[in-house]
Structure formats: C-alpha cells, structure tokens
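Take a look at the structure below.
In this text, all values refer to a predicted model and were calculated from it rather than measured experimentally. The figures here come from the full heavy-atom set of this structure, side chains too, leaving out hydrogens, waters and symmetry mates.
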Amino acid sequence: MEDFDLWTRAVEYTKFETLPQVYGEYRISSHNISQEKVEAIELNMCEIVRCQLSKKFDITVPDEYVSVLNG
C-alpha cells in the first residue's frame, strides 16, 4: 500500500519505463500478512487513486464509486 502511494507520487517527478527482463519476484501464499488484509489494502489503494484524481485533475469521486477505482 505504501509502495502504491510512492509510485503514484513519483510519476510526477520522473519517467518510468517497462523492462523486458524479470529483476525480482514476489511470492504469494495464503499466509502472507498482505493476503490476510486484502480488503483493507484494496480500499486504501482506491482512496489513494481518488486523492490523486482530485489533486491532479480536479475530479471528485463520490463515496459510492470509490470501489470502482480498484481496476
């Protein structure tokens, strides 16, 4: 969640590129702390997107539509 916020803010200051090679891997299991808190993490990411839309584009997303921002 903190990483998502970092990247959404960093994109304002630098250019990002897609790398064709894999430089890291992330293991997902049912015992990860992240897996146990998926709903809270997704809601927080939606709030980050809503904040960025408001700040950068002056777009207001009503509470009832925030979950749609989960892509």
**Study point:** Ion pair check, K15 and E17, cut-off under 4.0 Å
**Key:** yes
Check your understanding: Above 12 or not: heavy atoms from other molecules or residues under 6.0 Å from CZ of F16?
Key -> yes
In terms of hydrophobic clustering (I, L, V, M, F, W, Y; side-chain heavy atoms under 4.5 Å; direct or indirect links), are [X] and [Y] co-clustered?
{"X": "L19", "Y": "V11", "value": "no"}
{"X": "F57", "Y": "V61", "value": "yes"}
{"X": "L43", "Y": "V68", "value": "no"}

Review point. Given the rule in the side-chain contact (heavy atoms from CB on, under 4.5 Å) test, do D63 and R50 qualify, once you have shown the distances and angles that lead to the verdict?
Key: CA-CA 10 Å; D63 291 340; R50 175 160 73 168; 2.8 Å; yes
To the nearest 0.5 Å, how far apart are [atom1] in [X] and [atom2] in [Y]?
{"X": "I48", "Y": "T8", "atom1": "CD1", "atom2": "OG1", "result": "6.0 Å"}
{"X": "D5", "Y": "C51", "atom1": "CG", "atom2": "SG", "result": "8.0 Å"}
{"X": "T14", "Y": "W7", "atom1": "OG1", "atom2": "CH2", "result": "9.0 Å"}
{"X": "K56", "Y": "E12", "atom1": "NZ", "atom2": "CD", "result": "3.0 Å"}

Check your understanding: Considering all heavy atoms of both residues, which atom of G24 and which atom of V22 are nearest to each other, and what is their separation?
Key -> O-CG1, 3.2 Å
Revision key, fill the gap. The side-chain contact (heavy atoms from CB on, under 4.5 Å) partners of S54 (sequence neighbours excluded) come to none
Exercise for review: Go through the steps to decide whether E42 and E47 satisfy the test side-chain contact (heavy atoms from CB on, under 4.5 Å), and finish with yes or no.
Suggested key: CA-CA 9 Å; E42 288 177 350; E47 288 296 334; over 6 Å; no
Exercise for review: Kindly write out the residues that satisfy side chain to side chain donor-acceptor pair (under 3.5 Å) with Y23, not counting sequence neighbours, or none if the list is empty.
Suggested key: Q21
Check your understanding: Yes or no on side-chain contact (heavy atoms from CB on, under 4.5 Å) for F4 and V49, after CA distance, side-chain angles and deciding distance?
Key -> CA-CA 9 Å; F4 184 75; V49 172; 3.7 Å; yes
Review point. With a 4.5 Å heavy-atom cut-off, do L53 and L69 have their side chains touching?
Key: yes
